[in-house]
Amino acid sequence: MGGLQTLNWKAIEEKWQKRWSEAKVFEANPDWNKPKCFVTFPFPYMSGPLHVGHGYSASRVDVYARYMRMKGFNVLFPWAWHWTGETVAGASERIKLKDEKFIHALRVVDGVPEEELEKFVDPVYMARYYTDYNREAVKKLGLSVDWRREFHTSSHHPTFSRFVEWQYLKLKQKNFIIQGTHPVVWCPKCESPTGEADRLEGSGVTPEEYTLVKFRFEDGWLPAATLRPETVFGVTNLWLNPEATYVEALVDGEKWIVSKEAAEKLKEQLKKVEVLREFKGLELMGKTCREPVEEKEIPILPGWFVNPSNATGVVYSVPAHAPYDWLALRDLQNNPSLLEKFGIPVEDVKKIKPIPMIRVEGFGEYPAVEIVEEMRIKDQNDPKAEEATKIIYKKEFHRGVMRENCGKYSGRLVSEVKQVLVEDFKRKGLMDSMWELPEKVVCRCTTQCLVKILRDQWFLNYSNPEWKKLAKELLSKMKIYPEEARRWFEDVIDWLHDWACTRKTGLGTPLPWAPEWIVETLSDSTVYMAFYTINRHIKALNIPAEKLTEEFFDYVFYGVGEPEKIAEKMGISIEALKDMRKEFLYWYPVDLRNSGKDLVPNHLTFYIFHHAALFPPEHWPKAIAINGFMRVEGEEMHKSKGNFIPLRRAVEDFGADITRCVVLLAAEGMDDPDWRASSLKEVSSNLNSFYRYILELQNLGEEKEEKHLEKWLLSILQKRIKKVSESIENLKTRTALETALYEVWKDFRWYMRRVEKPCKKTVFYATRVWVKLLTPFIPHLCEELWEKLGEKGFVSTASWPKYEEEKVSLEDEEVEELISLLVEDTKNILRVLNVQPKKICYYVAAKWKWETYLKILEKRKNGVLGRETIKEFMVQPEIRRMGGKAAKFIGKTIDEVLKMPGELLEKRLRIGFLDEYSYLLEAKNFFGREFKAEVEVFREDSPNIFDPKNRGSLAEPYRPAIYIQD
RNA sequence: GCGGGGGUAGCCAAGCCAGGUCAAAGGCGCAAGGCUUAGGACCUUGUCCCGUAGGGGUUCGUGGGUUCAAAUCCCACCCCCCGCACCA
């Protein structure tokens, strides 16, 4: 029974991982006799376990690394861990606050032991725990990493922190860091920005800028908040909520009336606010104010829909274009009793007529009125009013044109004038702005958030056109896989504006010139690949962080400064210092960086910007590859969904090679791979079979000459070698693996089916090629096979199969193509006839047909082939003698050749005359086996032909005629 | 809304950029046969419809168009996924 049971993956994988590690095969030092290849994977964030999606991206890097290594490159694949940011701290905080849901996820999904869980109240402990946990996952996946260069980020890794400091000093010196102000979602209790991860409510909500339109009221202003300032030309009245509390306040010296909440908010938005008195909205009902365009007097009316917690709590009314305004107005007009208690005469309200000021197709004068009728919206409390508002807003913004009553903006598109209009009015002091959250955001600490404008924040000046230009230049020189992603990068570079690069809280490196700020997580990880090149020295020499000065890094990365002095100050040898410089120069630039596509709009683009800023063009990254992100059984993977698949568990449960194959076979390019249980089963059984098949092949074959079928196998293998190589080079890892596994398998199957006795020499060569082609994908299994095949050393460091042009034989390939088509055709006939044949006869085309065929091919190549060419042939006496049948053959051939793809045409021309007769004769036994019948082969013009149904004349080149006798 | 990607046979998925060998690779599933004590594995065949001679018909989100010829090119539309910022 031995050898037939399922493989012991675990034993095999552990065995080879141990051997690789002992032999230090993946530890890469500079070797000036070898070309280098430096590949990286963005260090993962250590707030939880890695999942199979990380495994996917990392496996792609590993496939490339392993391939290049076998190609003879000195390959460096380092690894590190990201600790910077607020997420670990936030997670730790949730544990401190005993967030049951969160703790449950850690316990169940992450499998964190109880005694460890308690210690997670310390964020650093938590990060370290996950780093250790995940390192095992990465190692067990079999990635070919040089672990000597490992590190993690933040001030808890002081030597790395020094590197971040250096980087920021350089950026500052180059004026790529500026100071400025910026609106953020802010928790007044925590006194810090409330990021996505820190929210109980309101995920995805970002500040929105309202325009405040200032209506003159007595000696002050009523600033009405709006997202549609262009509608100021259609204002009929003002709305205040009679039940809400308003304040009169001095705002930057002007007297404003706004809701009580608004006054507090404005304080956070760089406005100086002094509240003078508080009162109910009711107090202003029926009074009038002046609109800012023509200073017409308009009334202030009660609007219960006005939310004092939104913006200023003051709203102006444009009933022609805003459904809410029209509804509120109509409600008042229809219910005079509502007005009674405010002492507002009904006639005054009834007098108010909507003022149309935007023309838009599909609507008449009063779009708001029309949509209210159409949707049968009852009143201002009807939830359908919200939808109506959205529809009108969209239509009018995109398609709307300002009517004649809009002054100098008349006749222009709403979308065009909006911005200018606001600028114009702001200049006149009639508009202002205020930031507001479109939806409620609640901080983890349960406090409701507001918008704060942060001042003196530090920014990476990505809006700088010079910097953008540099980034684009870098991008244009870089390879992007897949190429479709290039446009996305271009857009991101254009779109990116200044990035707030510092935080007040969380883990990270303090900004060297303003240590109260910490460099934020995306901003400290842009050029750290340079640190990999020297980190093994820093660790080996045990250089203390404080010795890693600006001038040290300047020397290592830029070659400036005096090495003697620097080395002396650092207390290391000048050789050691120079080695670091040399090692940096050896490895840099990064040859490939691969990650999920989610990093395109942030990290990867930052990576481009910062390299462009900090390094000369010869050190700019060479290539970026991206891939989709992992789904599970077609769904997004989420801890909360319960379908989260930790990498470590996958590797432990299914094995590294299977896990790698499942993810690599699942997708390519930007498509999202899907993790499916069925695929797991499928791959596992395929790999088991592959293993056994290779071992079986070992014992097959005999010493013999390499003939047609062997030449065919060798030829087709060259094609596979080429395809796999090119696919890996273009990060088409799925195509590569599919070809290496399935296509090659198919070739073997055909060879074994066709051949009488396999040739030992060919099988020997072919099995070794096959194992090598799969090594980048399933390295453990391939090592095991390599050893079982009696080969010395690691297959991981064996040489990649060379594509040998001289082994390519078009003729042998075409012959097999012909034979398999002939088998197919014969089967097709047998199926239709539904008989068991006694005898099958094949007739190959006569010599004159071949000559004619080749001439037709030639004519097509020279572009002189047409239907009329038939005449040229028919005038030849020896052809004309054969009459109609010849004409039919020539006509058909011309038609076929006319639509033959160029590649095939070339191939057939190069092959020329093909001795079909000999090849078919050689395959007689094969046909016999296939059909369990006697098989005979004739030339169609042979004198002793057996052809009772006169089929022979149907023969064409590459298409022998068939006769079947039952 | 803006930007990016995509819709192919029971499922996954190639082909599309460079139009013709495309009823459309490969894998899975399913069915039949072989091998085997049996199961698994493996091998062969079939898997849109029709067909007693290698053929014909209808297909590649929908509707038009260009072309001798379109899954592939052009136009319009419908649907799905992702990103839109201070967050990893």
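All values derive from a computational prediction rather than experimental measurement. Below, read A as the first sequence line, B as the second, and so on, with proteins coming before strands; counting in each chain starts at 1.
Comparing atom distances between the Pro901(A) side chain and each of A14(B), U21(B), C87(B) picks out U21(B) as nearest. Closest to the side chain of Pro601(A), out of A88(B), A53(B), G83(B), is G83(B). Relative to the side chain of Asp671(A), the nucleotides G26(B), G5(B), G27(B) differ in distance, and G5(B) lies closest. Of the listed nucleotides (A41(B), A53(B), G55(B)), G55(B) has the atom at the smallest distance from the side chain of Arg959(A). Closest to the side chain of Arg749(A), from the set C87(B), G54(B), U44(B), is U44(B). Of the candidates U45(B), A85(B), A88(B), U45(B) carries the atom nearest the Arg753(A) side chain, counting heavy atoms from C-beta on. For Tyr963(A), counting side-chain heavy atoms from C-beta on, the closest listed nucleotide (A88(B), A53(B), C12(B)) is A53(B). Closest approach to the Tyr45(A) side chain among A13(B), A88(B), A53(B) is made by A88(B) (side chain taken as heavy atoms from C-beta onward).
Using atom P as the reference point in both G61(B) and U72(B), the two lie 8 Å apart (nearest Å). Nucleotides A71(B) and C22(B) are separated by 13 Å at their P atoms, to the nearest Å. Taking atom C1' in both C77(B) and C82(B), one finds a spacing of 22 Å when rounded to whole Å. Nucleotides G6(B) and G10(B) have their P atoms positioned 23 Å apart, rounded to a whole Å. Of the P atoms belonging to C48(B) and A25(B), the separation is 10 Å, rounded to the nearest Å. Between C50(B) and G1(B), the distance separating the two P atoms is 45 Å to the nearest Å. Spacing of P atoms, C2(B) relative to G57(B), comes out at 45 Å, to the nearest Å. Separation of the C1' atoms belonging to G54(B) and C60(B) is 26 Å when rounded to the nearest angstrom.
At the phosphate of A53(B), neither OP1 nor OP2 sits under 4.0 Å from any side-chain N or O atom of Arg951(A). Contact between the side-chain N/O atoms of Trp745(A) and the OP1/OP2 oxygens of C43(B) is found at a separation under 4.0 Å. Asn688(A) has no side-chain polar atom (N or O) that falls below the 4.0 Å cut-off from OP1 or OP2 of C42(B). Checking the phosphate oxygens (OP1, OP2) of C43(B), no side-chain nitrogen or oxygen of Arg754(A) falls inside 4.0 Å. A sub-4.0 Å separation between OP1 or OP2 of C28(B) and a side-chain N or O of Ser678(A) is absent.
The base of A85(B) sits within donor-acceptor range of the side chain of His497(A), with an N or O pair under 3.5 Å.
One interatomic measurement links the two molecules: CZ of Arg720(A) to P of G26(B), which rounds to 10 Å at whole-angstrom precision. To the nearest angstrom, P of G1(B) lies 17 Å from CD of Glu208(A). Taking atom CG of residue Leu507(A) and atom P of nucleotide A88(B), one finds them 10 Å apart after rounding to whole Å. Distance OH (Tyr462(A)) to P (C86(B)): 15 Å, rounded to an integer number of Å. Here A25(B) presents its C1' atom at 15 Å from CG of Leu741(A), a figure rounded to the nearest Å. When rounded to the nearest whole Å, the span between CG of Leu496(A) and C1' of G83(B) equals 13 Å. As a whole-Å value, the separation of Glu520(A) CD from C86(B) P is 11 Å. Taking atom CG of Asp598(A) as the reference point, atom P of G5(B) lies 17 Å away to the nearest angstrom.
Among the atoms of the strands shown, none is found under 4.0 Å from any heavy atom of Asn834(A). Counting any heavy atom pair closer than 4.0 Å across all strands shown, Val184(A) reaches no nucleic acid atom. Within the 4.0 angstrom heavy-atom criterion, no nucleotide atom of any strand lies near Met900(A). Residue contacts for Pro960(A): at a heavy-atom cut-off of 4.0 Å it reaches a base atom on one of the strands shown. Nucleic acid contact for Glu668(A): none, since no nucleic acid atom lies under 4.0 Å from a heavy atom of the residue. As judged by a 4.0 angstrom heavy-atom cut-off over every strand, Ala961(A) is placed among the base-contacting residues. Contacts of Glu738(A) with the nucleic acid, taken as non-hydrogen atoms under 4.0 Å apart, include base atoms. Nucleic acid contact for Thr206(A): sugar-phosphate only, since backbone atoms but no base atoms lie under 4.0 Å from a heavy atom of the residue.
The residue among Ser47(A) and Ser685(A) whose nearest nucleotide of RNA chain B lies closer to the 5′ end is Ser685(A). Each of Glu636(A) and Ala485(A) was matched to the nucleotide of RNA chain B holding its nearest heavy atom; the match closer to the 5' end belongs to Ala485(A).
Geometrically, Lys949(A) does not engage Tyr963(A) in a cation-pi contact defined by less than 6.0 Å to the ring centre and at most 45° from the axis.
Between the CZ atom in Phe609(A) and the CG atom in Leu460(A) there is a gap of 10.0 Å [rounded to 0.5 Å].
The minimum heavy-atom distance linking Val897(A) with Leu905(A) is given by the pair CG1-CD1, 4.3 Å.
Taking the 5.5 Å centre cut-off and the 30° plane limit, the aromatic side chain of Trp495(A) is classed as stacked on A85(B).
In summary, the side chains of Glu86(A) and Thr505(A) do present a donor paired with an acceptor at a separation below 3.5 Å, with no hydrogens or angles considered.
Searching all strands for a Watson-Crick or G-U wobble partner of C22(B) with both distances below 3.5 Å returns nothing. Base pairing of A71(B): no nucleotide in any strand meets the Watson-Crick or G-U wobble criterion (both distances under 3.5 Å). Under the Watson-Crick or G-U wobble criterion, with both distances below 3.5 Å, G39(B) is left unpaired in every strand shown. In this structure C2(B) sits in a base pair with G83(B), meeting the Watson-Crick or G-U test at under 3.5 Å. Checking G51(B) for Watson-Crick or G-U wobble geometry (two distances, each under 3.5 Å) identifies no partner in any strand. Across all strands shown, C30(B) pairs with G46(B); the Watson-Crick or G-U wobble distances both stay below 3.5 Å.
Ring geometry for His603(A) versus Tyr528(A): interplanar angle of 30 to 60°, hence tilted. Ring orientation note: the planes of Phe927(A) and Phe931(A) are close to parallel, at an angle under 30° on the 30°/60° scale. The aromatic rings of Phe690(A) and Trp770(A) stand perpendicular to each other, their planes meeting at an angle above 60°, with 30° marking the opposite boundary. Taking the six-membered ring where tryptophan is involved, the planes of Phe606(A) and Tyr462(A) are tilted, since the angle between them lies from 30° to 60°.
Lys468(A) NZ: more than 12 foreign heavy atoms inside a 6.0 Å radius.
With respect to the salt-bridge test (charged N to carboxylate O, under 4.0 angstrom), the residues Lys719(A) and Glu813(A) qualify. With salt bridges taken as basic N to acidic carboxylate O contacts below 4.0 Å, none links Lys723(A) and Glu743(A).
Remark: Asp825(A), Lys827(A), Asn828(A), Ile829(A), Arg831(A) in residues 821-831 of chain A come within less than 4.0 Å of RNA chain B through at least one heavy atom.
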Report the C-alpha distance between Thr826(A) and Tyr842(A) in whole Å, list the side-chain angles of each, state the deciding distance to 0.1 Å, and finish with yes or no for side chain to side chain donor-acceptor pair (under 3.5 Å). CA-CA 10 Å; Thr826(A) 310; Tyr842(A) 292 131; 2.8 Å; yes
